[in-house]
There are 2 protein chains.
Amino acid sequence: MKRIIQYYAEGIKELIAIDCIIFGFDQNELKLLCFKRIVEPEAGGWSLLGSFIQHDESLDQAAKRILFKLTGLDNVYMRQLYAHGEVDRDPGARVISISYFALINIQDRDHQLIEDYGAKWFSISNLPKLVLDHQSMVDYALKILKKEAKYKPIGFELLPEKFTLPRLQSLYEAMYQKNIDNRNFRKSILKAGILEKLEEKERHSSKRGAYFYRFNKETYQELTENGYYLDIVV
Amino acid sequence: MKRIIQYYAEGIKELIAIDCIIFGFDQNELKLLCFKRIVEPEAGGWSLLGSFIQHDESLDQAAKRILFKLTGLDNVYMRQLYAHGEVDRDPGARVISISYFALINIQDRDHQLIEDYGAKWFSISNLPKLVLDHQSMVDYALKILKKEAKYKPIGFELLPEKFTLPRLQSLYEAMYQKNIDNRNFRKSILKAGILEKLEEKERHSSKRGAYFYRFNKETYQELTENGYYLDIVV
DNA sequence: GCAAAAGTGTTAGAACTACACCCATGC
DNA sequence: GCATGGGTGTAGTTCTAACACTTTTGC
């Protein structure tokens, strides 16, 4: 018993924060939700959403709590990204920060709530200067987002439940920052067999109207269980 | 200034450990280096190499230090894997553990030194029961290893500088746990243009002897800078 | 001379890429 | 009737996957 105490007592404790990299998709642009930092150092600068973890919650729980508490956003796709541990990454104190990325569907959410917290959506092609090492966190998140969106259906998290193919394509174009041939894109995404075509049409963005589709999670899970691997042409 | 102190003072500090998942390749098998745990709980069980970080070192530095100090292994390929933060993952205390995976070339190393530390190589297909959540760390590392070895030349870290194609193939077969067609494998790996054929032959494993090859890091870097993406057939 | 591992090419089918026009509708 | 965005098919090329025999040499 003495040994336990000695072993764990010799370890040094550090502050542990979570930083949330929150992506959204709006007006055919990939966006990042940034917050006004209210503490020194760099108070007033644009920042990722961040806070310290609590003693009785896991990292994942902490990430969810922080996102919910400070934005009201719930039930959001989140994934741990990286543990950032440079000694001097935060001049205020030594803080180990675990970054998470979150993908949210902008339309569904309460814009007012977000603004109440001094938050603002920025297009990723036009980000403000971010505090501390947050820019490098975002760069890494974008790299991972690109990598994963091709092989996992995470892109759908950025869209409302019903979406059109032109809109889905536009999302991929925003993520990869390139034009995609619409015939090839449609073939590839429809061949995957994970989209359900609905009767209904979206009528705002064109006269002809585009059919709504829905991502079929069940089909996707069945397919992956049988060794199928999604691969979207981009 | 008061605000700084308040902000950082409200954060809770936790123990932060590094756990190293050390892979090697020997006798045509992928192996994991395990250590006898000397502290409770689960003293005597097989464990990954782990220790707490220090206040004045980054996570990467800590991982390197721990690996070197406890095995004498230096200049090793290491990469951060994941931050494991379940509240009760270690019954001894709340510990956030950052896992790293390391790829080492077994032949180069001092087996004696490793044994002095109560360490032992286990084939990944025959691992002992591991303490705490270390098995899940290893499972995850294997998943990432497979994913990366196809697209990044990390496999070479597991081999000595000079190696033969049959041996390289055998490494890939061990990683992916499947047989690979030798004609296709050779075509694919040679086409990549990152191997240098040497004059010399390896004469131990066959009468005919197999040519040695060397991984050409410079060529690889040039290629990747020009947007080239490695893709080895497995 | 034979056993044991190293080395070598081809072909059919699948997947990828590039490319241009008609359709439906609101105004 | 025309402007706007939605929707569709094909052909050449490349990549993939499956397959079996010859070479070298130590014993």
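This structure is a prediction, so every number in the text was calculated from the model and none was measured. Below, chain A is the first sequence line, B the second, and so on; all start at residue 1.
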Looking at [X], I want to see if its [atom1] is surrounded by more than 12 non-hydrogen atoms of other residues, nucleotides or ligands under 6.0 Å.
| X | atom1 | value |
| --- | --- | --- |
| B:Lys36 | NZ | yes |
| A:Tyr211 | OH | no |
| B:Lys143 | NZ | no |

Has the side chain of B:Arg208 got a donor or acceptor atom sitting under 3.5 Å from an opposite partner on the base of C:dA6?
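Answer yes: a donor N or O sits under 3.5 Å from an acceptor.
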d([atom1], [X]; [atom2], [N]) in whole Å:
| X | N | atom1 | atom2 | value |
| --- | --- | --- | --- | --- |
| A:Arg203 | C:dC27 | CZ | P | 11 Å |
| A:Leu165 | D:dG7 | CG | C1' | 10 Å |
| B:Ile180 | D:dA18 | CD1 | P | 13 Å |
| A:Glu202 | C:dG26 | CD | P | 13 Å |
| B:Asn179 | C:dA5 | CG | P | 15 Å |
| B:Arg167 | C:dA5 | CZ | P | 14 Å |
| A:Leu195 | D:dG7 | CG | P | 12 Å |
| B:Lys178 | D:dA18 | NZ | C1' | 13 Å |

Picking from A:Tyr172, A:Phe215, A:Phe156, A:Tyr213, what satisfies ring-ring contact (aromatic ring centres under 6.0 Å, His included) with A:Phe163?
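Option passing the ring-ring contact (aromatic ring centres under 6.0 Å, His included) with A:Phe163: A:Phe156.
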Minimum-distance nucleotide to A:Lys207 side chain [options: D:dG7, D:dA3, C:dA5]
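So the nucleotide nearest the side chain must be D:dA3.
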Considering heavy-atom distances to DNA chain C, does A:Ser206 or B:Ser206 have its closest nucleotide positioned more toward the 5' end?
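Closer to the 5' end of DNA chain C: B:Ser206.
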Below 4.5 Å, heavy atoms only, C-beta onward: do A:Asp133 and A:His84 meet side chain to side chain?
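A:Asp133 reaches A:His84 side chain to side chain.
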How is B:Ser205 classified with respect to the nucleic acid when contacts are heavy atoms under 4.0 Å: base, sugar-phosphate, or nothing?
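The residue B:Ser205 makes sugar-phosphate contact but no base contact.
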For B:Phe101 and B:Tyr77, take the angle between the two ring planes, folded into 0 to 90°, and tell me which bin it lands in: parallel under 30, tilted 30 to 60, perpendicular over 60.
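B:Phe101 vs B:Tyr77 ring planes: tilted.
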Answer with yes or no whether the side chains of A:Gln221 and A:Glu225 bring together a donor and an acceptor at under 3.5 Å.
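No, because no side-chain N or O of A:Glu225 sits under 3.5 Å from a partner of the opposite role on A:Gln221.
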Going 5' to 3' through nucleotides 8-17 of chain D and flagging B where a protein heavy-atom sits under 4.0 Å of the base, S where only the sugar-phosphate is that close, and - otherwise, we get BBB------B
